[in-house]
Amino acid sequence: MADNIAAIRIALDFTTQPLSETELETLKKYAGFGGLKAVLFPPGDIADWSKFGASAPDIKLYPQVMELHALLKEKLSAADYKSAIDALKSSSQTAYYTPDYIPRVIYAAMKEAHILPKRIYEPSAGAGVFIDEAVEAFEGLQQINAVEKDILTGKILNALCSVYQLPV
């Protein structure tokens, strides 16, 4: 979870400045919050979490979850904070981590079949693993259209895609 918070911090501070290699590596480590029930609990006293039925593993994540809430409250307006928390709660139930070998194998098969796309549409981009691998796999790629509904993951995706020399 510490890697996720570090990545969110970079993404929230990102404007258009070039990212350092360290920042890029931190962003690439972002794995989202899929399956982390602890992000569903509200900020506040740890005793309140117990009232909501937090398990021992949830309680262990309390400091990181409070750090995440503090970061979001510091960097976002009240409305954006609420939207980010709502999106985070939704994605904790629906987001899935995709290891980089999955798109790598798919794209290798496409290349073997002489399917060499010029444009890619990624309707559930996450932090961009399919995009990153597509840029590596297809030299003639001219455009990528990516959509990500989770606000925080979308900010990470935006920062990561800033390094490509294509319209994304």
Side-chain angles (χ1 to χ4, degrees), residues 1-44 57-58 60-104 107 119-138 141-168:
M1 190 156 173
D3 286 340
N4 282 352
I5 293 171
I8 290 169
R9 186 177 310 281
I10 291 166
L12 291 175
D13 288 339
F14 177 73
T15 53
T16 57
Q17 78 283 7
L19 295 166
S20 70
E21 285 300 317
T22 303
E23 289 172 321
L24 283 171
E25 288 307 312
T26 300
L27 289 169
K28 287 180 180 182
K29 289 179 185 175
Y30 180 77
F33 295 93
L36 283 178
K37 185 180 81 169
V39 299
L40 300 174
F41 296 110
D58 295 331
K60 284 184 182 179
L61 292 173
Y62 176 82
Q64 290 98 339
V65 173
M66 291 305 104
E67 180 184 357
L68 175 63
H69 279 284
L71 172 64
L72 297 178
K73 284 180 179 178
E74 173 192 338
K75 300 284 185 180
L76 301 173
S77 69
D80 288 344
Y81 168 78
K82 182 184 179 331
S83 294
I85 293 299
D86 289 346
L88 200 150
K89 287 178 179 181
S90 175
S91 74
S92 74
Q93 304 296 311
T94 60
Y96 299 94
Y97 172 75
T98 304
D100 59 4
Y101 70 85
I102 300 287
R104 198 175 304 133
Y107 295 152
R119 294 177 301 281
I120 298 225
Y121 173 65
E122 171 53 286
S124 186
V129 68
F130 275 87
I131 294 168
D132 193 43
E133 293 299 325
V135 170
E136 291 293 319
F138 304 116
L141 205 53
Q142 298 170 352
Q143 182 180 9
I144 299 171
N145 289 313
V147 177
E148 176 49 47
K149 71 176 187 166
D150 178 273
I151 295 164
L152 298 175
T153 304
K155 288 184 178 295
I156 288 167
L157 177 65
N158 184 55
L160 279 169
C161 287
S162 71
V163 301
Y164 303 128
Q165 300 299 315
L166 321 162
V168 179

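What you see is a predicted model, and the numbers here were worked out from it, not measured in a lab.
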Checklist entry - Roughly how far, to the nearest 0.5 Å, is CD of Glu25 from OG of Ser20? => result 9.5 Å
Checklist entry - Roughly how far apart are Ile120 CD1 and Glu133 CD, rounded to 0.5 Å? => result 11.0 Å
Checklist entry - How long is the gap from CG on Asn145 to CZ on Arg119, to the nearest 0.5 Å? => result 9.0 Å
Next on the checklist: Which heavy atom of Leu19 sits nearest to which heavy atom of Leu24, and what is that distance?
Outcome noted: CD1-CD2, 3.8 Å
Next on the checklist: Please check: side-chain N/O of Asp100 versus main-chain N/O of Val129, any donor-acceptor pairing under 3.5 Å?
Outcome noted: no
Checklist entry - Do any N or O atoms from the side chain of Thr26 and from the backbone of Thr22 form a donor-acceptor pair under 3.5 angstrom? => result yes
Item to check | CE on Met66 to NE2 on His69, rounded to 0.5 Å | outcome: 5.0 Å
Checklist entry - Around Glu21, counting heavy atoms of other residues, nucleotides and ligands shown, do more than 12 lie under 6.0 Å from its CD? => result no
Item to check | Closest approach of Glu23 to Pro18 (non-hydrogen atoms, all atoms of both residues) | outcome: OE1-O, 4.3 Å
Next on the checklist: For a 4.5 angstrom cut-off between non-hydrogen side-chain atoms, does Phe41 reach Val65?
Outcome noted: no
Checklist entry - Can you name the closest pair of heavy atoms from Leu27 and Ala159 and give their distance? => result CD1-CB, 3.8 Å
Checklist entry - Quick one: CZ on Phe130 to CZ on Arg104, what's the gap to the nearest 0.5 Å? => result 11.5 Å
Checklist entry - Can you list the steps and then say if Gln64 with Asn4 is a side chain to side chain contact (heavy atoms under 4.5 Å, CB included)? => result CA-CA 10 Å; Gln64 290 98 339; Asn4 282 352; over 6 Å; no
Next on the checklist: Taking the basic N atoms (NZ, or NE/NH1/NH2) and the acidic carboxylate oxygens, is any pair closer than 4.0 Å for Asp86 and Lys82?
Outcome noted: yes
Next on the checklist: If you define the side chain from C-beta out and look only at heavy atoms, does anything of Lys37 sit under 4.5 Å from Ser92?
Outcome noted: no
Next on the checklist: I want to check something: taking the side chain as every heavy atom from C-beta on, are Leu152 and Leu72 in contact at a cut-off of under 4.5 Å?
Outcome noted: yes
Checklist entry - Would Leu157 and Glu122 satisfy side chain to side chain contact (heavy atoms under 4.5 Å, CB included), going step by step from the backbone distance to the final call? => result CA-CA 12 Å; Leu157 177 65; Glu122 171 53 286; over 6 Å; no
Checklist entry - Can you check whether Gly126's main-chain N or O pairs, donor with acceptor, with Glu148's side chain at less than 3.5 Å? => result yes
Item to check | Test log, rule side chain to side chain contact (heavy atoms under 4.5 Å, CB included), inputs Tyr164 and Ile131 | outcome: CA-CA 10 Å; Tyr164 303 128; Ile131 294 168; 3.7 Å; yes
Next on the checklist: Between Leu12 and Lys155, is the side chain to side chain contact (heavy atoms under 4.5 Å, CB included) condition met? List the steps.
Outcome noted: CA-CA 7 Å; Leu12 291 175; Lys155 288 184 178 295; 3.4 Å; yes
Checklist outcome for this item: Nearest heavy-atom approach of Ile156 to Ala11 is CG1-CB, 3.6 Å
Checklist entry - Which residue pairs pass the ring pair (Phe, Tyr, Trp, His ring centres under 6.0 Å) test when at least one of the two sits in residues 14-38, sequence neighbours left out? => result none
Next on the checklist: Could you report the tightest heavy-atom contact between Ala134 and Tyr107, atom names first, then the distance?
Outcome noted: N-CE1, 3.3 Å
Checklist outcome for this item: In this structure, CG of Leu36 is separated from CD of Gln93 (nearest 0.5 Å) by 10.5 Å
Checklist outcome for this item: Correct closest heavy-atom pair for Met1 and Leu61 would be SD-CD2, 4.2 Å
Next on the checklist: Is there a side-chain contact between Leu88 and Leu68 in this structure, where contact means two heavy atoms from C-beta onward sitting under 4.5 Å apart?
Outcome noted: yes
Checklist entry - Is Asp80 salt-bridged to Lys75, going by a charged N under 4.0 Å from an acidic O? => result no
